[in-house]
2 protein chains.
Amino acid sequence: MQPQESVTESLAFLLGKLGQMATGRFADRLAPLGLRPRHCAVLELLATAPLGQLALAQTIGVTPSVVVDMLDELEAVGALRRVRDSTDRRRQVVEITDGGRALALSAARLAKQVDIELLRELDSTQATAVREGLARVAAAQGLPVTGSAPTRNAAPTDPGPAT
Amino acid sequence: MQPQESVTESLAFLLGKLGQMATGRFADRLAPLGLRPRHCAVLELLATAPLGQLALAQTIGVTPSVVVDMLDELEAVGALRRVRDSTDRRRQVVEITDGGRALALSAARLAKQVDIELLRELDSTQATAVREGLARVAAAQGLPVTGSAPTRNAAPTDPGPAT
DNA sequence: TATTGTTATACTCTATAACTATA
DNA sequence: TATAGTTATAGAGTATAACAATA
């Protein structure tokens with residue numbers, strides 16, 4: 001089932017290479033929009049409902065300070081706004097703007113284009129198998145449904161009793 | 001064929017997340033050996049034949065200065081040695097040691113273990129489909145056969161008239 | 001005292017550019 | 001002048017820790 005004897009033929013290693021390549025490609029496409037790949041998870045999450053920053057961080061599986069940066073950048077592009085919560089003045093609720101929704105849509109189109117290029121050599125059966133297989137792997141490994149992956153430890157499934 | 005409407009469901013994005021996760025897992029396993037994932041490509045390449053540093057850089061698709069660092073680290077672990085070329089004293093031929101071969105073997109075993117964990121939820125048909133599909137994608141995109149992926153542009157085959 | 005968001009800082013990975021020693 | 005390797009530096013990505021305002 002795993003016929004390779006070498007690291008470079010392993011799935012672990014191959015995924016790393018492909019991930020780097022795919023992210024790079026997508027980032028290039030996204031650049032003209034003023035976005036980077038990780039921003040997309042935020043936009044798509046907020047498209048569903050406004051969210052506080054910590055909840056956001058937890059959901060996409062990154063640390064809060066990273067969220068601050070991403071929100072700064074997205075706010076600079078007019079894709080969202082932070083609204084102080086009048087009930088709890090520590091909180092800021094993050095809301096997507098119409099511009100943000102438009103960006104998310106454009107980004108989704110670009111991602112689809114990249115996908116087509118990546119899958120160029122596969123027939124639709126193979127492509128589907130890869131897609132579904134990887135989705136299953138991601139689910140089994142507990143990757144956040146949406147959002148960028150936690151780099152290392154971080155058990156996002158069990159954030160503990162906090163909040 | 002690409003039924004998703006969102007970035008976060010795209011293959012491009014998914015590969016990025018999975019790549020990060022897989023690389024992190026593998027790095028954790030490798031750490032006790034004093035290795036990191038990228039070192040493995042070097043070791044496996046050298047296992048075939050000694051090589052000069054520039055050739056090495058080109059083959060695995062990274063910039064020469066990165067090779068210097070990696071070789072320093074691998075030499076510190078006793079995995080290889082740099083031998084000055086007596087014909088052309090600018091060159092250093094890099095040779096793997098027995099220790100290096102042993103490390104490469106251990107690393108391959110660890111990679112295999114990680115693969116098994118990653119593919120835990122897939123039956124062997126699906127696992128094979130994913131493996132073969134991804135290998136095909138990698139080939140189609142021109143990833144270096146062995147070694148870590150070039151981050152972005154970098155046409156290592158044609159460095160151009162610059163310098 | 002705990003929590004929300006922020007800033008400051010550090011570490012990894014990778015790249016470019018300037019430098020050395022040879023050729 | 002060109003090439004092999006090296007060093008110095010920079011940028012993107014992420015994380016931890018200390019801090020301010022508020023609860």
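Being a predicted model, the structure only gives us computed values, none of them experimental. Side chains included, hydrogens not; waters and symmetry mates left out as well; all remaining heavy atoms used. A note on names: the letters A, B, ... follow the listed sequences, proteins ahead of strands, and every chain is numbered from 1.
Remark: B:Ser86 engages no residue in a side chain to side chain donor-acceptor pair (under 3.5 Å) (not counting sequence neighbours). Residues satisfying the side-chain contact (heavy atoms from CB on, under 4.5 Å) test with A:Arg29, not counting sequence neighbours, are A:Leu110, A:Gln113, A:Val114, A:Glu117. Every residue two or more places apart in sequence or in another chain was checked for a side chain to side chain donor-acceptor pair (under 3.5 Å) with A:Arg109, and none qualifies. B:Ala79 pairs by the side-chain contact (heavy atoms from CB on, under 4.5 Å) definition with B:Leu43, B:Leu74, B:Leu103, not counting sequence neighbours. Residues passing the side-chain contact (heavy atoms from CB on, under 4.5 Å) test with B:Arg89 are B:Arg84, sequence neighbours excluded. With sequence neighbours excluded, the residues satisfying side chain to side chain donor-acceptor pair (under 3.5 Å) with A:Arg81 are A:Glu95.
The CE-C1' distance, from A:Met21 to C:dT14, rounds to 17 Å in whole Å. The nearest whole Å value for the distance from the CZ atom in A:Arg81 to the C1' atom in C:dG5 is 20 Å. Between the P atom of D:dG5 and the CG atom of B:Leu74 lies a distance of 16 Å, rounded to the nearest Å. Counting to the nearest Å, the P atom of C:dT12 and the CD atom of A:Gln20 are 16 Å from each other. Distance A:Leu56 CG to C:dT4 C1': 13 Å, rounded to the nearest Å. For B:Asp28 and D:dT14, the CG to C1' distance is 14 Å, given to the nearest whole Å.
Contacts classified as side chain to side chain donor-acceptor pair (under 3.5 Å) and involving residues 66-78 of chain B (residues at least two apart or in different chains) are given here: B:Arg36-B:Glu73, B:His39-B:Glu73, B:Asp72-B:Arg82, B:Glu75-B:Arg82.
Without hydrogens or angle criteria, A:Asp115 side chain to B:Leu11 main chain gives a donor-acceptor distance under 3.5 Å.
The side chain of A:Arg91 sits closest to C:dG5 out of C:dA15, C:dG5, D:dT14.
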Close N/O contacts between protein and nucleotides 19-23 of chain D (under 3.5 Å):
residue	atom	partner	partner atom	Å
D:dA23	OP1	A:Arg89	N	2.7

Nucleotide N/O to protein N/O under 3.5 Å, stretch nucleotides 6-8 of chain D:
residue	atom	partner	partner atom	Å
D:dT6	OP1	B:Arg82	NH1	3.2
D:dT6	OP1	B:Gln92	NE2	3.1
D:dT6	OP2	B:Gln53	OE1	3.1
D:dT6	OP2	B:Gln53	NE2	2.6
D:dT6	OP2	B:Arg82	NH1	2.9

